[in-house]
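Quick notes on the structure that follows.
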Amino acid sequence: MNEKNLPHVVWHEATVTRERREYLNGHRAVVVWFTGLSGAGKSTIAHALEEALHQQGRRTFVLDGDNVRHGLCSDLGFSSSDRRENLRRIAEVAKLFVAAGVIALGAFISPIRVDRERVRQIVGAENFLEVFVSCPLEVCEQRDVKGMYRRARTGEIQQFTGVSAPYEAPERADLVIETHLTSLDAGVQQVLGLLEQTISL
């Protein structure tokens with residue numbers, strides 16, 4: 001909390017703590033951050049993982065890149081500064097989910113390492129798991145579920161990650177899922193294994 005800039009804003013400490021919420025939920029809270037190119041399978045894995053966790057009785061929520069731009073970030077474009085602000089807002093929301101004792105699953109291209117590192121710092125490194133959803137650009141283009149690559153190649157969309165804007169792959173991801181080589185179910189199982197190791201599901 002930046003009290004220097006907002007001296008009249010005071011953080012209110014709740015009597016119901018994160019620890020009490022986690023105890024009630026029966027599991028620790030964490031942010032699982034899926035990063036990768038458009039079409040790599042981030043949202044697909046995140047939602048399939050949520051379904052698996054829900055069936056186990058876990059408290060979850062998927063923060064999806066497209067969904068948040070319908071509301072929370074509807075005022076932002078796709079410039080570098082707007083992308084950074086988009087991720088900052090999501091990080092703050094994810095931090096609240098952690099405080100609520102929830103397993104938050106974030107599916108965002110988040111192409112720049114420093115921006116992902118900022119997300120990690122906001123939610124806390126101990127609460128953050130980075131999953132690199134790896135898929136060759138040519139495979140993502142073949143999938144092109146939303147027709148975005150085609151529009152980017154014709155110049156209709158500017159600054160499109162992987163085509164006219166860079167993607168910086170994680171250097172030390174907690175998990176790498178190669179979706180062009182791995183089935184959806186196998187990918188979900190990999191993340192479940194990571195969660196079992198880190199938050200003792």
Side-chain angles (χ1 to χ4, degrees), residues 31-51 61-94 97 104-123 128-188 190-191 194:
V31 175
V32 183
W33 191 269
F34 296 91
T35 177
L37 293 171
S38 177
K42 301 178 299 298
S43 293
T44 301
I45 294 176
H47 283 283
L49 175 63
E50 182 180 41
E51 179 63 36
F61 194 82
V62 175
L63 296 164
D64 181 85
D66 283 350
N67 290 356
V68 298
R69 283 187 175 272
H70 282 278
L72 178 67
C73 298
S74 60
D75 59 322
L76 299 176
F78 291 91
S79 66
S80 296
S81 60
D82 278 1
R83 282 173 178 257
R84 283 193 296 272
E85 173 60 13
N86 179 62
L87 294 180
R88 186 198 68 79
R89 293 183 192 181
I90 296 307
E92 293 291 353
V93 170
F97 272 108
L105 311 173
F108 297 88
I109 294 174
S110 46
I112 306 302
R113 291 190 193 102
V114 68
D115 293 338
R116 294 194 301 269
E117 185 57 32
R118 186 184 187 194
V119 174
R120 185 194 303 270
Q121 291 172 0
I122 290 172
V123 302
F128 185 87
L129 295 173
E130 185 178 53
V131 178
F132 176 30
V133 183
S134 175
C135 186
L137 176 62
E138 58 270 22
V139 176
C140 292
E141 287 204 62
Q142 289 169 7
R143 294 172 179 171
D144 205 12
V145 179
K146 304 171 187 175
M148 305 293 278
Y149 284 102
R150 176 182 54 78
R151 295 169 63 193
R153 291 295 184 189
T154 61
E156 184 179 345
I157 299 177
Q158 302 295 319
Q159 293 299 301
F160 188 78
T161 303
V163 176
S164 51
Y167 177 81
E168 299 173 358
E171 296 178 325
R172 294 180 300 276
D174 295 285
L175 177 66
V176 177
I177 302 175
E178 297 181 315
T179 57
H180 59 300
L181 301 175
T182 305
S183 69
L184 176 58
D185 182 64
V188 169
Q190 288 181 47
V191 188
L194 176 64

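For the single chain, residues carry numbers from 1 onward in sequence order. Basis for what follows: all heavy atoms, side chains included, without hydrogens, waters or symmetry-related copies.
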Evaluate the side-chain proximity of [Y] to [X]: yes if any heavy-atom separation is below 4.5 Å, no if none is.
X      : Y      : result
Arg118 : Leu87  : no
Val62  : Phe34  : no
Asp64  : His47  : yes
Val119 : Ser110 : no
Ile122 : Phe128 : no
Asp66  : Lys146 : yes

Side chain to side chain contact (heavy atoms under 4.5 Å, CB included) between Trp33 and Val123, worked out: CA-CA 11 Å; Trp33 191 269; Val123 302; over 6 Å; no
Glu92/Arg89 ion pair, N-O < 4.0 Å: no
Once rounded to the nearest 0.5 Å, what's the spacing between atom [atom1] of [X] and atom [atom2] of [Y]?
X      : Y      : atom1 : atom2 : answer
Leu194 : Leu129 : CG    : CG    : 5.0 Å
Leu76  : Ser74  : CG    : OG    : 8.0 Å
Glu168 : Arg116 : CD    : CZ    : 7.0 Å
Ser38  : Arg143 : OG    : CZ    : 10.5 Å
Leu175 : Phe132 : CG    : CZ    : 11.0 Å

Would you verify whether the NZ or CZ of Arg69 falls within 45 degrees of the ring axis of Phe78 while also being under 6.0 Å from that six-membered ring's centre? yes
Begin with the C-alpha distance, continue with both residues' side-chain angles, and end with the deciding distance and a verdict on side chain to side chain contact (heavy atoms under 4.5 Å, CB included) for Leu72 and Ile90. CA-CA 9 Å; Leu72 178 67; Ile90 296 307; 3.9 Å; yes
Might you point out which heavy atoms bring [X] and [Y] nearest each other, and give the distance in Å?
X      : Y      : result
Tyr149 : Asp144 : N-OD1, 2.9 Å
His180 : Cys135 : ND1-CA, 4.0 Å
Leu184 : Ala48  : CD1-CB, 4.0 Å

Does Thr161 use its side chain to pair, donor to acceptor, with the backbone of Tyr167 at less than 3.5 Å? no
Glu130 backbone acceptor or donor facing Asp174 side chain under 3.5 Å: yes
